[in-house]
Amino acid sequence: MHLNPMQREAVMATEGPLLILAGAGSGKTTVLINRIYNILMFGSGSDSDYVPEWADGAAIDAMNGESEDAARLAAVNPCPPWQILAITFTNKAADELKSRLSAMLGPEGQDVWALTFHSACLRILRRDCEKLGYTSDFSIYDTSDTLSLVKRILKDNDIDDKKFSPKAMLSYISNIKDRMLTPDQFSQIADFEGDLYKKMVSKIYREYARRLFEADAMDFDDLILNTVRLFEEYGDVLEYWQHRFRYVLIDEYQDTNAMQFRFSELISGGRHNICVVGDDDQSIYKFRGATIENILTFEDRNPHCRTIRLEQNYRSTGTILDAANAVIRNNTERKGKELWTDHEKGDLIELYVAENEHEEAQYVAGQILKGYSQGENFRDYAVLYRKNAQSSSIEFALKRNGIPYRIYGGMKFFERAEIKDILSYLCVILSPNDNLRLERIINNPPRGIGAKSIETASEIAIKEGTYLFDVISRADLYPELSRPAIRMREFSNMINELKYFAQNNPPDAVFDELLNKTGYVRVLEEKNTIEDAARIENVKELKSGIISYMEESGDNTLAGYLASVALYTDLDNMDRDDDCVTLMTMHSSKGLEFPHVFLVGMEETIFPGAQALGDSTEMEEERRLAYVAITRAMKTVNLVCAMQRMIFGQTTSNRISRFVEEIPEELRHANVIPRGYAFSDRAGSSYRMKSESGFGADYNQFHGGSSYGSSGQRGYSQIHSSGNPDRPGSSIVLPAKKAEPAVISDINEGDRIKHRAFGEGTVVKLSPMGGDYLIEMAFDKVGTKKLMLKAAAQYIEKI
DNA sequence: CGCACCACAATTTTT
DNA sequence: TTGTGGTGCG
């Protein structure tokens, strides 16, 4: 009912291949949900001319009514939920699908397979991976695991890690896997080409694959690759799954790589009811092997394919869309698509040129506070950056200003050493042959089995063609191991006991038993440092994680829990209920939306990144990222850049990002700069500046120039562009050097103050701290806040 | 074996 | 600026 004609068409076209080109904010998820709903209720009814024999005039009349019977009559072969497979890229997207389906269908919605590629493959593999030689409890190596594995291989083989950097090896291996080449196949290629580098890569790859397999482990790529292999080598398995899924939907199709493409083709190969949704302009994962060709050639490969374009945007203002369209128009490799909206134009795109990264961050914090004081919520704001390293200055500014924020990215919790340790124990309990993890924990906590002993034992294992754990279990048989033999035996006994325990007890009990037997926490407690106390907390938190996994999934296998951890990312527990500003990379922001978006670090060599300069393919990818970032915004976009910033401890200055210049000037507003510590000249203010006044100019006009010169005069200085031959004489006006922050003169504990965002309150405490003051204020409405005075001063007034 | 110290490198994005 | 890995000492 509430769908536009294009959306409705996409919902109704249930049969055969379907390509949906869905622009940002075009209601894609709504379409997916409704499409699934339609399939569940009406089967192919909406896409079929079929009229059952029994359908007489009365029945057809009834269908035109609104009765429940009408629905039943319109259905042609309705589909049970478990015959639908909906693949997304992130767990978050999958969860959203699931919960919206459940909201619509009740518990039945849970039976739809709404999963990521990785978790779908995991499920398929758990069932049949024995055919490939893995146990059904196989474990998953995450990126840091695979990195240590490669490092290990390089070391064991005396390979120079400068010439063959572990990271480069990993991405090379990932690339080989994406081409679905086995170690044998790749080494043939390397031999044939006689390329020494490739030969070495081939050797490393072979070893890498071997060790993973011996550890009964798969990396992320293996999950997909092995599923494809399973399908290709075992016709009955493929048939089973093809039969199982009547309808296959794949979201974010532009981000699929070759293996994922193959997977999609295979699993939908029976009925060809495959619906792929994507947007070539939002393809930002090429570095991970995604090939935009998958979506660009979908029509050619599927002759009877129908294509539907969703170009009406329901998210953003007209200005934001115009800006996004203008930027993406500079790309040549695209299907061509213009988003439009019937929303009003809205605010102009704000641009702020900051002095350095600190001021950049302070600007962001200030704008957020300003908005907050005008009734916006913190959760309406997102600060997006190109790379994670940029988050720290923003974080710092938000902290100082008492703005709650949440930062996404990485897997901070599960990457902590103590967490990895415990998880490694759990992995070893499942599979003692997992050497990588075994070596991580064998002497942790210290139990007198040193590096030398392990090395000796490893050599024996290799010589005898058995596993390290095996040798350790029988250490007393080897004279070389006579000294650590007892301790090794003790260790292996402990693991075996735990293994036995794990066979009869749920994961949370195993966890307790593990801590008890290993004394992991006990050792930390004895150390009694603050860091160790934090570690203990983390370990305890892990237990609640285990319990909630068991509750939520209804699964009580250790292998299941470990896999869920491996496939978990920080983004997943994003919840919009907390009133927090969101900090994340532009990549992570895909699929999300926020009323107000800040894009920071809009500078050449940052965004676009240095690697993209002079490489048009890379540059187009960066531009798509810019497109994604801009289209996250519903109401306002703030572009921020800094004239100078510290990179690797060095001050550098970059030109303004080309993406800023690609936004037509009439859509931009070079904004009023918040006047630094402008209270100095505010009448009635009780503060005094220590040194000079703030800016002489209120405006920061920006004319699309591209190069910064040096500033330094009072007031503002005009800088002529020197680096952009296309626009001779274009100039930018920048704020002059900013005055030193003020120091308080007469604010005291007990004073009544008014804060722009937090309202009125009382100064509770004022304590000197690093050349500044920590001011603690009890606000009448929002409770107590601790802020640094230098930063907060501009928002505080004495009353 | 554990710790402190030093040199050095490295910086993209993530399932 | 940060993190990592190696070395040498007690």
Side-chain angles (χ1 to χ4, degrees), chain A residues 87-94 115-122 140-144 146-148 151-152 154-155 161-162 165-168 170-171 174 177-178 218-225 251-252 255-257 259-260 283-290 357 384-393 408-411 415 417 443-454 483-484 487 523 527 563-572 584-591 601 605-612 615 618 621-622 624-626 628-629 645-652:
Chain A
I87 300 267
T88 62
F89 258 82
T90 62
N91 300 314
K92 204 189 140 289
L115 300 167
T116 63
F117 270 107
H118 297 271
S119 47
C121 287
L122 178 67
I140 300 171
Y141 272 25
D142 67 22
T143 321
S144 68
T146 54
L147 192 64
S148 356
K151 283 180 183 167
R152 196 61 219 265
L154 295 179
K155 202 173 275 179
D161 63 356
K162 302 236 167 49
S165 94
K167 276 195 184 152
L170 270 184
S171 71
S174 181
K177 285 189 175 178
D178 191 37
M218 299 192 198
D219 65 14
F220 289 139
D221 292 330
D222 285 333
L223 290 173
I224 319 278
L225 184 55
D251 195 9
E252 307 282 13
D255 286 331
T256 51
N257 61 23
M259 298 186 293
Q260 289 163 336
S283 159
I284 53 174
Y285 286 109
K286 191 159 168 281
F287 69 92
R288 214 163 70 182
E357 74 269 29
L384 308 181
Y385 33 82
R386 176 63 234 266
K387 52 188 182 192
N388 282 123
Q390 287 170 258
S391 71
S392 62
S393 60
Y408 298 91
M411 301 201 311
E415 257 165 23
N443 199 34
N444 181 3
R447 48 174 74 86
I449 307 175
K452 191 75 204 148
S453 310
I454 297 168
R483 251 186 305 170
R487 285 160 268 164
V523 172
K527 286 197 193 166
S564 83
V565 167
L567 296 177
Y568 170 93
T569 61
D570 226 20
L571 209 54
D572 302 340
M584 57 169 62
T585 63
M586 298 180 187
H587 279 89
S588 325
S589 75
K590 192 160 81 155
T605 72
I606 294 182
F607 186 48
Q611 81 291 339
D615 180 329
E618 288 261 348
E621 174 125 333
E622 296 281 292
R624 289 192 292 270
L625 186 57
V628 167
R645 81 172 61 230
M646 278 279 235
I647 298 174
F648 316 141
Q650 272 202 313
T651 306
T652 51

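We name chains A, B, ... by the order of the sequence lines, and we start the count at 1 in each one.
Nearest to the side-chain atoms of A:T90 among the listed nucleotides B:dT15, B:dT13, C:dG5 stands B:dT15.
A:Y141 is linked by a ring pair (Phe, Tyr, Trp, His ring centres under 6.0 Å) to nothing, counting only residues two or more places apart in sequence or in another chain.
Put simply, the side chain of A:T652 gets close to the backbone of A:R645: a donor and an acceptor are under 3.5 Å apart. A donor-acceptor pair under 3.5 Å is formed between the side chain of A:S148 and the backbone N or O of A:S144. A donor-acceptor contact shorter than 3.5 Å links the side chain of A:R487 to the backbone of A:R483.
Rounded to whole Å, the distance from CD on A:Q390 to C1' on C:dT2 is 16 Å. Atom NZ of A:K452 and atom P of B:dC1 are 12 Å apart (whole Å). In this structure, A:I454 places its CD1 atom 12 Å from C1' of B:dC1, rounding to the nearest Å. A:L154 has its CG atom 12 Å from the P atom of C:dG5, to the nearest Å. Atom pair A:L170:CG and B:dT13:P shows a separation of 15 Å (rounding to whole Å applied). Across the protein-nucleic acid pair, A:L147 atom CG and C:dG3 atom P stand 16 Å apart, rounded to whole Å. Between A:M584 atom CE and B:dT13 atom P there is a gap of 14 Å when expressed in whole angstrom units. Distance CE (A:M259) to C1' (B:dT15): 10 Å, rounded to an integer number of Å.
One distance of note links CG of A:D221 with CE of A:M259; it measures 4.0 Å at 0.5 Å rounding.
Residue-level contact check: A:I140 touches neither bases nor backbone, having no heavy atom under 4.0 Å from any strand. Residue A:G609 is out of contact with every strand shown, counting any heavy-atom pair closer than 4.0 Å. Residue contacts shown for A:A451 are limited to sugar-phosphate atoms, with no base heavy atom under 4.0 Å away. Using a 4.0 Å heavy-atom distance criterion, A:F117 is classed as making no nucleic acid contact. Within the 4.0 angstrom heavy-atom criterion, base atoms lie near A:F220.
Nearest-nucleotide positions on DNA chain B place A:R447 closer to the 5' end than the other of A:R447 and A:T143. Annotation: of the two residues near DNA chain B, A:P445 and A:F89, the 5′-most nearest-nucleotide partner is A:P445.
Residues A:D219 and A:K177 are paired through a salt bridge, judged by an N-O separation under 4.0 Å between the basic side chain and the carboxylate. For the pair A:K286 and A:E618, the salt-bridge criterion is not met [side-chain N within less than 4.0 Å of a carboxylate O].
For the residue pair A:T143 / A:T146, no side-chain donor-acceptor distance below 3.5 Å is found, with atom types taken as modelled.
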Give me, pair by pair, the N or O atoms of the protein and of nucleotides 9-12 of chain B that are less than 3.5 Å apart, along with how far apart they are.
residue, atom, partner, partner atom, Å
B:dT11, OP1, A:K167, NZ, 3.4
B:dT12, O2, A:R386, NH1, 3.3
B:dT12, O2, A:R386, NH2, 2.3

Pairs under 3.5 Å (N/O, protein and nucleotides 6-9 of chain C):
residue, atom, partner, partner atom, Å
C:dG6, OP1, A:K155, NZ, 3.0

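At the phosphate of B:dT15, neither OP1 nor OP2 sits under 4.0 Å from any side-chain N or O atom of A:S119. Side-chain N/O atoms of A:K590 include none lying less than 4.0 angstrom from OP1 or OP2 on B:dT13.
Residues A:Q260 and A:D178 have side chains not in contact (no heavy-atom distance under 4.5 Å, counting atoms from C-beta outward).
Checked against the 6.0 Å centroid threshold, A:F287 and A:H587 count as a close aromatic pair.
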